[in-house]
Amino acid sequence: MPKTAHIIGAGISGLSAAVRLANAGFKIHVHEATQQAGGRCRSYFDAATNLTIDNGNHLLLSGNRHALAYARSIGTEAGLVGPQHAQFPFVDLTTGQRWQLDLGDGRLPLWIFDESRRVPDTGLRDYLALAPLIWAAAGKPVGDTIQCQGTLYQRLVQPLLLAALNVDPPEGSAGLAGAVVRETLLAGGKACRPLIARDGLSAVLVEPAITLLREKGAEVRFKHELRALAMSEGRVDELRFGDEVVPIAADDAVVMAVPPRPAAGLLPGLKTPSRFRAIVNGHFRFNPPRDLPPILGVVGGLVEWLFSFPQRLSITISNADRLVDMPREELAQALWRDVCKAAGIQGELPAWQIVRERRATFEATPEQNALRPGPTTAWKNLFLAGDWTDTGLPATIEGSVRSGDRAADLVLAMRRA
Ligand SMILES: Cc1cc2nc3c(=O)[nH]c(=O)nc-3n(C[C@H](O)[C@H](O)[C@H](O)COP(=O)(O)OP(=O)(O)OC[C@H]3O[C@@H](n4cnc5c(N)ncnc54)[C@H](O)[C@@H]3O)c2cc1C
């Protein structure tokens with residue numbers, strides 16, 4: 001019997017489902033609306049800086065098991081690089097103070113007992129006060145669960161949760177924040193080594209997946225937007241791409257791995273998150289100083305994280321709706337001032353690019369988190385994937401891959417049933 005699966009959307013969730021099913025012997029058809037794979041995790045050539053840049057700096061951690069397994073499955077795990085140890089240098093732009101959080105190499109968070117490795121001016125009791133977050137209910141906001149003030153909050157909890165949840169931490173879902181803390185800080189330094197796709201997101205996480213899929217006989221079509229689905233007898237039986245109609249045989253499966261808005265349009269009545277938050281990235285063509293770490297946490301300024309790449313300094317700002325309408329030149333100047341202070345450099349604004357992803361992630365509040373659907377639908381051969389489905393994690397690459405793997409496993413189970 002032929003085993004065929006149609007994957008709608010070539011973002012990370014769709015690609016991870018496609019790769020898993022192709023490896024299980026399925027004939028795969030990937031349908032992507034745009035002319036490029038990767039979705040919100042992609043690279044492109046930028047004429048302003050004359051460099052290939054990513055739409056956003058993406059940070060993974062060594063404890064992102066599914067994301068790493070996905071990279072391994074497409075042969076690019078070595079392309080995720082970072083410092084040897086789980087060390088996070090920080091700078092406070094208001095005081096000029098610099099420090100390094102050193103989470104060690106173990107599986108237990110023993111660093112909190114060591115004054116020289118934890119955040120300066122914090123004590124053990126500050127860390128123990130975070131305990132209610134660990135098993136917090138999904139319906140509670142972080143602000144009702146822990147004290148969102150004090151040195152430990154400003155220097156570690158706020159930057160970590162802001163980056164992970166993409167909302168101001170007190171309004172974020174304590175359940176999602178708890179999952180992040182359990183899988184990172186609580187899992188010890190072994191799970192917290194920072195990793196980035198140094199050669200670009202597309203080169204490391206996207207293009208090799210497309211190559212592998214094609215080698216396995218998959219058909220990958222771009223500019224092929226799904227416009228409607230037709231259902232009968234409890235299953236999807238047609239995919240409609242404008243004038244082209246693709247019949248879906250009784251045993252064929254469909255994984256819909258598109259963002260919430262198109263998903264809701266294609267499946268009326270589907271409950272999805274409806275509010276989103278922006279992420280702003282700034283890229284500056286500048287050779288980083290030799291002593292600049294690959295990733296620097298920045299507090300007390302506009303910039304939140306500074307990444308150094310060959311020929312380029314790049315910054316990230318989360319929960320950035322307040323910046324999406326700011327004039328670009330003005331924003332670039334403000335960011336460059338922060339970059340100079342953080343990196344200890346001087347100079348006129350170099351060639352730059354600003355990328356504002358308005359709907360970078362769903363809003364990770366308790367209310368929006370409650371709107372995330374699971375992977376199954378009312379139609380027995382249709383499964384959902386995407387960072388916005390109910391993965392138990394905020395919108396991250398790790399969540400995307402988990403959702404893709406989960407949808408693929410359900411397709412495999414359908415075949416066995
Ligand atoms: C600026 C930025 C920074 C980020 N930083 C991090 C980070 O540091 N660490 C981290 O882990 N995560 C980060 N993320 C989140 C991460 O990028 C996402 O969680 C992940 O890429 C989402 O993948 P996805 O497959 O779920 O969805 P998407 O990437 O949105 O993929 C969906 C795909 O479906 C396609 N599509 C839509 N409609 C149709 C249709 N009708 N027919 C066919 N195709 C369709 C889209 O074109 C798209 O390619 C960041 C995101 C952004 C935007």
Side-chain angles (χ1 to χ4, degrees), residues 6-18 29-42 53-61 63-64 66-68 70 80 160 162-166 180 183-184 194-197 201-202 205-206 209 220-229 239-242 254-267 273 276-283 295 304-305 307 314-320 354-362 364 372 384-389 391 393-404 407:
H6 291 263
I7 312 293
I8 317 299
I12 297 295
S13 60
L15 291 177
S16 58
H29 300 266
V30 178
H31 310 274
E32 165 56 44
T34 68
Q35 57 194 7
Q36 187 182 355
R40 280 169 283 151
C41 178
R42 66 190 187 283
I53 60 174
D54 293 333
N55 68 312
N57 301 309
H58 280 59
L59 182 65
L60 289 169
L61 294 175
N64 291 159
H66 288 73
L68 264 57
Y70 164 72
L80 295 170
L160 172 75
L162 176 61
L165 301 178
N166 198 26
V180 171
E183 296 196 13
T184 58
L195 297 170
I196 49 176
L201 292 170
S202 291
L205 294 175
V206 180
V220 183
R221 296 179 71 178
F222 295 105
K223 295 187 180 172
H224 206 233
E225 178 181 349
L226 182 68
R227 301 281 169 82
L229 301 117
L239 297 178
R240 296 180 181 163
F241 302 87
V254 179
V255 174
M256 196 150 81
V258 305
R261 282 161 51 125
L266 289 162
L267 288 179
F276 306 88
R277 292 286 169 94
I279 297 179
V280 166
N281 277 262
H283 306 274
I295 303 155
E304 291 160 1
W305 297 94
F307 294 76
S314 262
I315 68 91
T316 298
I317 303 171
S318 296
N319 190 27
I354 288 187
V355 186
R356 301 189 258 207
E357 290 269 6
R358 284 169 190 265
R359 282 191 288 276
T361 69
F362 76 91
R372 300 169 81 183
L384 301 177
D387 61 355
W388 57 277
T389 59
T391 63
L393 292 175
T396 51
I397 293 183
E398 175 67 6
S400 301
V401 175
R402 280 191 203 182
S403 76

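Both ligands and their constituent atoms are indexed starting at 1 by order of listing.
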Report, in ascending order of atom number, the atoms of ligand 1 lying under 4.0 Å from any heavy atom of Asn57. 5 (N), 8 (O)

Looking at His31, which atoms of ligand 1 are within less than 4.0 Å of one of its heavy atoms? 43 (C), 44 (N)

If we ignore hydrogens and angles and just use 3.5 Å, is the side chain of Asp54 paired with the main-chain N or O of Leu201 as donor and acceptor? yes

Below 4.0 angstrom from a heavy atom of Ile8, which ligand 1 atoms are there? Numbered from 1 as shown, please. 42 (N), 43 (C)

What protein heavy atom sits nearest atom 19 (O) of ligand 1, and how far away is it? Asp387 OD2, 2.7 Å

Could you check which of Ala263, Pro259, Pro394, Gly9 puts a non-hydrogen atom nearest to atom 37 (C) of ligand 1? Pro259

Do Arg40 and ligand 1 have an N or O pair less than 3.5 Å apart? yes

I want to know if ligand 1 touches Leu59 in the polar sense, i.e. an N/O pair below 3.5 angstrom. yes

Under 4.0 Å from any heavy atom of Ala395, which atoms of ligand 1 are there? 15 (C), 19 (O)

Can you tell me which residue and heavy atom of the protein come closest to atom 21 (O) of ligand 1, and the distance to 0.1 Å? Cys41 CB, 3.5 Å

If we only count N/O pairs under 3.5 Å, is Ser13 in contact with ligand 1? yes

Does a side chain donor of either Ser318 or Arg277 reach within less than 3.5 Å of an acceptor in the other side chain? no

Do any nitrogen or oxygen atoms of Asn281 come within less than 3.5 Å of a nitrogen or oxygen of ligand 1? no

At under 4.0 Å between heavy atoms, what of Arg227 touches ligand 1? The answer is neither

Could you go step by step and tell me if Arg221 and Phe241 meet the side-chain contact (heavy atoms from CB on, under 4.5 Å) rule? CA-CA 11 Å; Arg221 296 179 71 178; Phe241 302 87; over 6 Å; no

Heavy atom of the protein closest to atom 10 (C) of ligand 1 (residue, atom name, distance): Ile397 N, 3.5 Å

Ligand 1 to Thr34, heavy atom cutoff 4.0 Å, flagged ligand atoms 47 (O)

After noting the C-alpha distance and the side-chain angles of Glu183 and Arg402, does the key distance pass the salt bridge (Lys or Arg N to Asp or Glu O under 4.0 Å) rule? CA-CA 14 Å; Glu183 296 196 13; Arg402 280 191 203 182; 2.8 Å; yes

Test your reading of the model: is there a side-chain donor-acceptor pair from Arg40 to the backbone of Ala360, 3.5 Å cut-off? yes

Tell me, which protein residue and heavy-atom name are nearest atom 2 (C) of ligand 1, and how many Å apart are they? Ile279 CD1, 3.7 Å

Any Thr361 heavy atom less than 4.0 Å to ligand 1: no

Atoms in ligand 1 with a heavy atom of Gly38 nearer than 4.0 Å: 29 (O)

protein heavy-atom neighbour closest to atom 46 (C) of ligand 1 works out as Glu32 OE2, 3.5 Å

Specify the protein heavy atom at minimum distance from atom 39 (C) of ligand 1: its residue, its atom name, and the distance to 0.1 Å. Val258 CG1, 3.5 Å

Close side-chain approach of Ser314 and Asn281, heavy atoms under 4.5 Å: no

Heavy-atom distances under 4.0 Å are what count here, so tell me which part of Glu357 touches ligand 1: side chain, backbone, both or neither. side chain

Are any side-chain N or O atoms of Tyr70 and backbone N or O atoms of Leu15, one a donor and one an acceptor, separated by less than 3.5 Å? no

Does His224 form a side chain to side chain donor-acceptor pair (under 3.5 Å) with His31? I'd like the steps, not just the answer. CA-CA 6 Å; His224 206 233; His31 310 274; 3.0 Å; yes

Between Ala360 and ligand 1, which part of the residue brings a heavy atom under 4.0 Å of the ligand: side chain, backbone, both or neither? both

Exam field: side chain Ser16 to backbone Ile12, donor-acceptor pair closer than 3.5 Å: yes

At under 4.0 Å between heavy atoms, is it the side chain or the backbone of Ala33 that contacts ligand 1, or both, or neither? both

List every atom of ligand 1 that sits less than 4.0 Å from any heavy atom of Ala257, numbering the atoms from 1 in the order shown and giving each element. 32 (C), 33 (C), 34 (O)

Quick check: Ser400 and ligand 1, any N/O pair under 3.5 Å apart? yes

In terms of atom number and element, which parts of ligand 1 are under 4.0 angstrom from non-hydrogen atoms of Gly386? 26 (O)

Closest to atom 41 (N) of ligand 1 among protein heavy atoms sits Leu226 O, 3.0 Å

Determine the minimum heavy-atom distance between Asn55 and Glu357, stating which atoms define it. ND2-OE2, 2.9 Å

Is there side-chain contact between Leu59 and Ile196, with at least one heavy-atom pair below 4.5 Å? yes

Which bit of Thr396 is near ligand 1, meaning a heavy atom under 4.0 Å away: side chain, backbone, both or neither? both

Residue and atom name of the nearest protein heavy atom (relative to atom 51 (C) of ligand 1), distance in Å to one decimal: His58 NE2, 3.6 Å

